[in-house]
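Contents: one structure, followed by commentary.
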Amino acid sequence: MNDARSASLEDWLARLEAAHPVSIDLGLERVAEVARRMGLLDGPIAGRVITVAGTNGKGSTVAMLESLARAHGIGTATYTSPHLLRYNERLRLDGVEAGDAELVAGFEAVEAARLDGEPISLTYFEAGTLGALHAIRGRAPELAILEVGLGGRLDAVNVLDADVAVVTTIARDHAAYLGDDLEVIGREKAGIMRAGRPAVLGSQALPQSVAATAEALGAEVHALGTAFTRAACRRETLGREAGEGGWTWQGHDVAGAEARLEALPDPGLPLDNAATALQAFALGGWALQPDACRRALAGVELPGRMQWRGQWCLDVGHNPHAATYLAERLAERPCEGRTVALLGMLADKDAEGVIGALAPVIDAWLPVSLAGDRARSAQALAETLEALGQPVWHRADSPAAGVAWLSERLSPADRVLVCGSFFTVADVLAAWAEPAQAAAEAGSEGTR
């Protein structure tokens, strides 16, 4: 790229993808030095920072935190990864995706800093994180919500000190980088905690190493099931509107006083994560207003997480823990016809575990191939399915091809679960978006 300042967002993303010898390079030395050069460590970039780590549940917890803040009239910046269709999805400022110009300005600031002295190589994620933090500092919101990309202790997001640290769940995933030992994984994710600051533990099944790390760091632990709770509820009685059948949250405010909310609506996302978001938000220093909390939970949306579109359900779940939750939710919502799983997975994921967790609620499988070096082929998935005694209805070269094949064969009573990877869900969403975009463009032509 000869003139970086004239480059488009697409140019920058292509450059960042090729800039570092590996796509994932855990460690804070390089990214912290560039952050120092950018002045990101000189003072707070937002009034409060809440950082969220965990194997599953990060995205839904972040989405509910953002919705809670917005409902309370608080200015927000939210950084998440990965994206589904557009890179812009990763950074939201006051609830709106960042524009290309704001993202490009961030990349330009990162590039200038990394070359200011001995050049420092950054991964795609590291450069993106620093660019997002640059944009957030420019807005100086009341609350910045940051989602850890991988692990926690050595993740680029952890270059900033969190005012409130959240750990949602711990399960086996990204074994090549984090290993298979849950105690080790727990210590890594707990590395986002800070001495004397609240640490919210959003699962009652966390490995002991999480609490032990919090104690060693001197963090103030607030754990689900002890410091805060949610009342048991029946899913079939819940709705997107508050009222009878809603669930109850009980926890503490920032001063340690007891707080309680009743008749809360089902957000359509895991209730443990909703309870965790409420506790983290309160510990951030804001009083929970019951009506605002109900509006926030009733209105929260998160693409790719139990996202229904007619008879299609899309979920990015790609490990056994996430698949178990999916199976439970589908079992609570039986259908008259067949339930078909359109499954596409990466080669480094636990396909056997995911299939085993979903098998009780799936009548037929349609494995699909994903693109890229890490992808698992439809044939390989089909062989795994057949070895586990699961019925394979068809194989497809891509998620989009699988959608096209299924669309001609489904009955109105059937439903489809699209799952296994962010790439699987993204490809299906993109396939659906193309005809809509073409129709919109055709309509536009007709009005000229």
Side-chain angles (χ1 to χ4, degrees), residues 13 16-17 19-32 34-35 49-62 78-84 87 89-91 110 121-133 145-162 165-193 202-203 206-207 209-210 213 273 304-305 316-322 345-350 354 370 372-375 420-423 425-426:
L13 295 176
L16 295 176
E17 286 178 348
H20 199 70
V22 293
S23 59
I24 298 174
D25 190 2
L26 294 177
L28 292 182
E29 290 185 4
R30 290 173 296 99
V31 71
V34 178
V49 173
I50 299 179
T51 300
V52 182
T55 305
N56 297 304
K58 298 191 299 290
S60 59
T61 302
V62 167
T78 304
Y79 176 61
T80 62
S81 63
H83 59 276
L84 285 173
Y87 187 89
E89 298 167 18
R90 297 189 179 211
L91 179 61
V110 173
S121 179
L122 296 172
T123 67
Y124 177 94
F125 178 76
E126 290 168 342
T129 299
L130 292 174
L133 297 181
I145 309 164
L146 310 178
E147 179 186 352
V148 168
L150 177 63
R153 182 177 65 91
L154 300 177
D155 187 83
V157 166
N158 200 36
V159 72
L160 292 187
D161 294 329
V166 177
V167 176
T168 55
T169 63
I170 303 294
R172 291 178 177 85
D173 199 9
H174 300 292
Y177 301 98
L178 302 179
D180 288 319
D181 187 322
L182 291 183
E183 296 294 335
V184 173
I185 296 171
R187 280 194 293 273
E188 286 298 310
K189 294 186 185 294
I192 65 170
M193 301 173 186
S203 169
L206 294 174
S209 62
V210 177
T213 301
N273 298 341
R305 275 77 162 189
V316 297
H318 53 263
N319 55 48
H321 184 274
M345 298 190 69
L346 298 178
D348 57 355
K349 302 303 178 183
D350 181 3
V354 168
L370 298 180
D373 296 338
R374 296 170 58 205
S421 173
F422 274 87
F423 295 105
V425 171

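Reckoned from all heavy atoms, side chains included, excluding hydrogens, waters and symmetry mates.
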Can a donor-acceptor pair be found, under 3.5 Å and without considering hydrogens, that links the side chain of N273 to the backbone of T61? no
Gap between atom OG1 of T213 and atom CE of M193 - 0.5 Å precision: 7.0 Å
Quick check: do D161 and V49 have side-chain heavy atoms less than 4.5 Å from each other? no
Which atoms form the tightest heavy-atom contact between N158 and G152, and what is the distance? CB-O, 3.3 Å
Closest heavy-atom pair and its distance - A132, Y79: CB-CD1, 3.6 Å
Nearest atoms (heavy-atom pairs only) where G151 meets A53: O-CB, 4.0 Å
Just how far is it from atom CG of L122 to atom CZ of R30, taken to the nearest 0.5 Å? 6.5 Å
Are the side chains of K189 and T55 in touch, meaning some heavy atoms are under 4.5 Å apart? yes
Atom of G420, atom of H318 and distance for their closest heavy-atom approach: O-CB, 3.1 Å
4.5 Å side-chain heavy-atom contact, P82 and E89: no
Where D155 and G149 come nearest, the two heavy atoms and their spacing: OD1-N, 3.2 Å
Does any non-hydrogen side-chain atom of T129 lie less than 4.5 Å from one of V31? no
Is there a side-chain contact between R374 and D348, using heavy atoms and a 4.5 Å cut-off? yes
Do the non-hydrogen side-chain atoms of L146 and L133 ever get within less than 4.5 Å of each other? yes
From I50 CD1 over to I192 CD1, what is the distance, rounded to the nearest 0.5 angstrom? 10.5 Å
Taking only residues two or more places apart in sequence, or in another chain, which ones meet H20 in a ring pair (Phe, Tyr, Trp, His ring centres under 6.0 Å)? none
Before you tell me yes or no, could you show the steps for E147 and V157 under side chain to side chain contact (heavy atoms under 4.5 Å, CB included), namely the whole-Å CA-CA distance, both residues' side-chain angles and the distance that decides it to 0.1 Å? CA-CA 7 Å; E147 179 186 352; V157 166; over 6 Å; no
Look at atom CZ of F125 and say whether more than 12 heavy atoms of other residues, nucleotides or ligands are closer to it than 6.0 Å. yes
Nearest 0.5 angstrom please: T169 OG1 to L206 CG, how far? 7.5 Å
Which pair of heavy atoms, one from E183 and one from D181, lies closest together, and at what distance? N-OD1, 2.8 Å
Looking at OG1 of T51 and NZ of K58, how far apart are the two atoms once the value is rounded to the nearest 0.5 Å? 12.5 Å
Could you tell me how the ring of Y124 sits relative to the ring of Y87: parallel (under 30°), tilted (30 to 60°) or perpendicular (over 60°)? perpendicular
So CG of N319 and CG of N56: to nearest 0.5 Å the spacing works out to 4.0 Å
Criterion side chain to side chain contact (heavy atoms under 4.5 Å, CB included) on V354 and K349, from CA distance to verdict: CA-CA 9 Å; V354 168; K349 302 303 178 183; over 6 Å; no
Is the shortest heavy-atom distance from the side chain of L84 to the side chain of V316 under 4.5 Å? yes
